[in-house]
Amino acid sequence: MALLPILRYPDPRLHKKAVPVLRIDETVRKLIADMAETMYEAPGIGLAATQVDEHKRVVVIDVSEDKSKLLALVNPEILERSGEQVCEEGCLSVPGIYDKVTRSERVRVRALDAQGEPFELEAEGLLAVCIQHEIDHLDGKVFVEHLSQLKQGRIKAKLAKQARITA
Ligand code: GNR
Ligand code: NI
């Protein structure tokens, strides 16, 4: 296993659209394992391949208290959505920034697991938020793009300043 470096907003590579995985082989399973290790170490509740500069439709999620329920979703698709919820979101690619985003309350998702087997999942609450946040990443969208242009400008300025301090 290996820890992977996480791209930081506003890196333009975060806006690439990930392509579907055609064959789930050892390379994809290694990516899933490395992404899980990277997510747990961060720590975070989800990670999209886009964030580690792998532009394939692969996501890992674990919203459980004890970090015991790893979900791997390959080629995830939202089949149905309903309701609305507002959640204070954060992102490993936008460190130190948290803001409210409105998303669907419930989603039904179809994906392939790490063995290439199709499965469906009904999610609500935080898991539903996380699934939507990760699929956004695969489509090249970072959560701050749900915020106003004014807020996006302030966030870019703040991160640029942080980057100057850490450099
Ligand atoms: O760790 C994370 N926490 C989180 C909190 C609220 C809404 C979404 C998230 S996802 C985030 C990890 C991440 O950046 N995934 O892309
Ligand atoms: Ni994120």
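Just follow the structure's listing: the first ligand is 1, and inside any ligand the first atom is 1. Computed from heavy atoms alone, side chains included, the values below leave out hydrogens, waters and symmetry copies.
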Nearest neighbour in protein (non-hydrogen) for [atom]:
atom	value
atom 15 (N) of ligand 1	E134 OE2, 2.7 Å
atom 7 (C) of ligand 1	E89 CG, 3.5 Å
atom 2 (C) of ligand 1	I45 CG1, 3.5 Å
atom 14 (O) of ligand 1	L92 N, 2.8 Å
atom 8 (C) of ligand 1	H133 ND1, 3.6 Å
atom 13 (C) of ligand 1	G46 O, 3.4 Å

Taking it one step at a time, do R13 and D11 satisfy salt bridge (Lys or Arg N to Asp or Glu O under 4.0 Å)? CA-CA 5 Å; R13 292 170 290 181; D11 191 308; 2.7 Å; yes
Shortest non-hydrogen separation from L138 to R57 and the atoms involved: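 Scanning both residues, the minimum pair turns out to be O-NH1, 3.4 Å.
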Strictly below 4.0 Å, N to O, side chains only: are D62 and K69 in salt-bridge contact?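 No, this pair does not count.
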Below 4.0 angstrom, N of the basic side chain to O of the carboxylate: do D25 and R29 qualify?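 Between R29 and D25 there is no salt bridge, as every charged N stays at least 4.0 Å from the carboxylate O atoms.
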Interfacing atoms of ligand 1 (cut-off 4.0 Å, heavy-atom, [X]):
X	value
C91	14 (O)
H137	16 (O)
G44	1 (O)
E88	6 (C)

Counting only heavy atoms from other residues, nucleotides and ligands, does the tally under 6.0 Å from [atom1] of [X] exceed 12?
X	atom1	answer
E65	CD	no
R108	CZ	yes
K158	NZ	no

Below 3.5 Å, N or O to N or O, backbone or side chain included: is there any such pair between S93 and ligand 1?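 In fact, backbone or side chain, S93 has no N or O that close.
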Once rounded to 10 degrees, what value does the angle at the Ni ion (ligand 2) take between NE2 (H137) and NE2 (H133)?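 It rounds to 100°.
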Candidate list E88, E89, E124, test salt bridge (Lys or Arg N to Asp or Glu O under 4.0 Å), partner R103, passing option: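 Of the listed residues E88, E89, E124, the salt bridge (Lys or Arg N to Asp or Glu O under 4.0 Å) partner of R103 is E89.
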Ignoring hydrogens and geometry beyond distance, is a side-chain donor-acceptor pair present between H146 and D99 at under 3.5 Å?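 Checked: H146/D99 side chains show no N/O donor-acceptor pair below 3.5 Å.
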Option nearest atom 9 (C) of ligand 1 (shortest heavy-atom distance, choices C130, G90, C87, A42):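 Comparing heavy atoms across C130, G90, C87, A42, the nearest one to atom 9 (C) of ligand 1 lies in G90.
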